[in-house]
Amino acid sequence: MKVLITGSNGLLGQHLIPVFVQNKTYDVIATGRGANRSPQRDHYIYEAVNLRDAGSVQQLVQKHQPDLIIHSGAMSQVDDCEKNKDACWDTNVGATRYLVNAAEKVNAAFIFLSTDFVFDGLSGPYDEDAPVNPINYYGTSKAAAERLVRNSKLSWAIVRTVLVYGVSNDPHRSNMITWVKNNLQQGKKIKVVDDQWRTPTLCQDLATGCLLLAEKKATGMFNISGKEVLTPYDMALKTAEYFQLDTSLIEKISSKSLAQPAARPAKTGLIIDKAVNELGYHPHTFAEGLDIVAAEIK
């Protein structure tokens, strides 16, 4: 079975590749922007493709004729999306449209990676049936892309996830865990919000959830995240304590004090009962996730 993974240079993409390669059931084709940055280089094909170009997407899909497309490629820096709305729309909606159109021509199944930011954060955590109401442009673009997938002729699944953390082979990208660790190790003070609630997701868990969807040929909406509701401040404290770093360098602040270009929903988080019951999905605790991240860093 051929699986095409987009966004393979991203945090999730770099973890999807080994999960599907090691499964042995799949022939993996990975695509991203520029050179291949995945730590794993063997047993799959890599092609650099601009997903914002319809012709390139069509050519890629026609060439490889995948049975399944996992679309994890996105513009996901929330403030960048707010400041560069055209680029955000072209990347998150336009590219999804091109992939859906190409997938329909080869009858490929489609797994689309979405986000808790499709919600307004007024009544989280959310289940799969909760109405979307994004409050920033990133969330707006992902909600629009979700509609494209839902209205397609494809056999589709949409995966919503939350605050993904892990280790990426990209010196220009960090996430909550590595950001906290690196700053505190250098003795730098950091400011972390304590008025946003999430269910942070270990990248390996999300990749495994995508594999479970593929194996079971599951369709529909699925929440795949961690199960603990934490604030970024909670995460920062737990990270500092785990790595035995100075917690006094962490200052608790409110979201308003950051004056970020894009609004953030206050309380999201996802209810994962459906994924647990239908897919057999069982995420690690945040403490277990820190163990895994620490091992990867070493």
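Note: the hydrophobic cluster containing V193 does not contain L237 (ILVMFWY, side chain heavy atoms under 4.5 Å, direct or indirect links). Hydrophobic cluster membership differs between W197 and V162, with clusters built from Ile, Leu, Val, Met, Phe, Trp and Tyr side chains linked at under 4.5 angstrom. Each of I272 and M221 belongs to its own hydrophobic cluster when Ile, Leu, Val, Met, Phe, Trp and Tyr are linked at side-chain heavy-atom distances under 4.5 angstrom. In terms of hydrophobic clustering, with Ile, Leu, Val, Met, Phe, Trp and Tyr side chains grouped at heavy-atom distances under 4.5 Å, I70 and V28 are assigned to a common cluster.
Residue pairs meeting the ring-ring contact (aromatic ring centres under 6.0 Å, His included) criterion with at least one member in residues 260-298, sequence neighbours excluded: Y165-F286. The ring-ring contact (aromatic ring centres under 6.0 Å, His included) analysis of residues 7-26, with sequence neighbours excluded, yields the pairs F20-Y26.
The OG1 atom of T6 sits 9.5 Å away from atom CG of L60, with the distance rounded to the nearest 0.5 Å. With rounding to the nearest 0.5 angstrom, the CG atom of L68 is 9.5 Å from the NZ atom of K217. Between the CG atom in L279 and the CD1 atom in I224 there is a gap of 5.5 Å [rounded to 0.5 Å]. To the nearest 0.5 Å, the span separating CG on L163 from CG on L202 amounts to 11.5 Å.
Looking at I158 and W156, their side chains come closer than 4.5 Å, going by heavy atoms from C-beta outward. Between T31 and L4, some side-chain heavy-atom pair lies under the 4.5 Å cut-off. Within the 4.5 Å cutoff, side-chain heavy atoms of M176 are placed close to those of P232.
Evaluated for a side chain to side chain contact (heavy atoms under 4.5 Å, CB included) with V21, the options I17, V19, N23 yield exactly one hit, I17.
Residues meeting the side chain to side chain contact (heavy atoms under 4.5 Å, CB included) test with A263, sequence neighbours left out: I135. Under the side chain to side chain contact (heavy atoms under 4.5 Å, CB included) criterion, Q62 pairs with Q58, Q65, K105, V106, sequence neighbours left out. Residues passing the side chain to side chain contact (heavy atoms under 4.5 Å, CB included) test with A103, sequence neighbours excluded: I69, A108, F110, L154. Partners of K189 according to the side chain to side chain contact (heavy atoms under 4.5 Å, CB included) rule, which considers only residues two or more places apart in sequence or in another chain, are L249.
Residues E47 and K63 are paired through a salt bridge, judged by an N-O separation under 4.0 Å between the basic side chain and the carboxylate. Salt bridge status for R264 with D79: present, with a side-chain N to carboxylate O gap under 4.0 Å.
F222 carries K274 over the face of its six-membered ring, with the cationic atom under 6.0 Å from the centre and within 45° of the normal.
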